[in-house]
**Student:** 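First the structure, then my questions, so here it is.
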Amino acid sequence: TFVVTENCIKCKYTDCVEVCPVDCFYEGPNFLVIHPDECIDCALCEPECPAEAIFAEDELPEGQEEFIAINAELAEVWPNIAEKKDPLPDAEEWDGKPGKLEHLER
Ligand code: SF4
Ligand code: F3S
């Protein structure tokens, strides 16, 4: 399973959703998640993310482990997204900022 991690928050570029063959991305106000039971581990989305926020579950950067549970939880409640849309307005400004988890909107 692949996991969307912290740097997606407040960026939400959505390039990832276009390449997913099983449409397993789900969208919140300022973050996307991957449904862990639907992802087929194709790895196509990982290089598409301009924010480099997508990782294989077993290759998560240190400190990003909690995003496994966050993806699983929110994929159950957020709506599906399969088409790219504009990034959030301040995406470039927020790209790479540390400590974005506190800004996650549910
Ligand atoms: Fe979709 Fe493949 Fe990414 Fe899983 S690894 S979310 S199946 S594009
Ligand atoms: Fe987020 Fe990257 Fe997709 S910023 S919306 S995981 S392209």
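One is the number of the first residue; the rest follow in order along the sequence. Remember, it's a predicted structure, so these values are computed and weren't measured experimentally. As the structure lists them, so they are numbered: ligands from 1, and atoms in each ligand from 1.
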**Student:** Side chain, backbone, both or neither: which applies to C24 and ligand 1 if a contact is any heavy-atom pair less than 4.0 Å apart?
**Tutor:**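 Contact part for C24 vs ligand 1: side chain (C-beta onward).
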**Student:** Have a look around atom 2 (Fe) of ligand 2 and list protein N/O/S atoms under 2.8 Å, or say none.
**Tutor:**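 C49 SG, with waters left out.
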**Student:** If you count the atoms of ligand 1 from 1 in the order shown, which ones are under 4.0 Å from a heavy atom of I34?
**Tutor:**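 Counting from 1, the qualifying ligand atoms are 6 (S).
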**Student:** Against heavy atoms of F25, which atoms of ligand 1 measure under 4.0 Å?
**Tutor:**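 Those of ligand 1 that fall under 4.0 Å from F25 are 6 (S).
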**Student:** Please step through side-chain contact (heavy atoms from CB on, under 4.5 Å) for the pair E52 and N7, ending with a clear verdict.
**Tutor:** CA-CA 7 Å; E52 296 182 15; N7 201 37; 5.9 Å; no
**Student:** Other residues, nucleotides and ligands only: do more than 12 of their heavy atoms fall within 6.0 Å of CD on E105?
**Tutor:**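 More than 12 within 6.0 Å, yes.
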**Student:** For F25 and I34, work out which heavy atoms get closest and say how close.
**Tutor:**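 Smallest interatomic distance, heavy atoms only, reads CE2-CG1, 3.4 Å.
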**Student:** Measure the CD-OH distance between E92 and Y13 for me, rounded to the nearest 0.5 Å.
**Tutor:**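 So the CD of E92 and the OH of Y13 are separated by 5.5 Å.
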**Student:** Under 2.8 Å from atom 2 (Fe) of ligand 1 - does any N, O or S atom of C42 fall there?
**Tutor:**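 Here the distance criterion (N, O or S atom, under 2.8 Å) is met by C42, so yes.
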**Student:** Using only atom types and a distance under 3.5 Å, with no angle test, would you say the side chain of D23 pairs donor to acceptor with the backbone of N80?
**Tutor:**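 Not a single qualifying donor-acceptor pair exists.
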**Student:** Is the distance from atom 3 (Fe) of ligand 1 to some N, O or S atom of C45 under 2.8 Å?
**Tutor:**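 C45 does place an N, O or S atom closer than 2.8 Å to atom 3 (Fe) of ligand 1.
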**Student:** Once you restrict to heavy atoms under 4.0 Å, what part of I40 touches ligand 1? Side chain, backbone, both or neither.
**Tutor:**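 Both the backbone and the side chain of I40 come within reach of ligand 1.
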**Student:** If you compare all heavy atoms of P36 against all heavy atoms of T1, which two are closest, and at what distance to 0.1 Å?
**Tutor:**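 Between these two residues, the closest heavy atoms are O-OG1, 2.9 Å.
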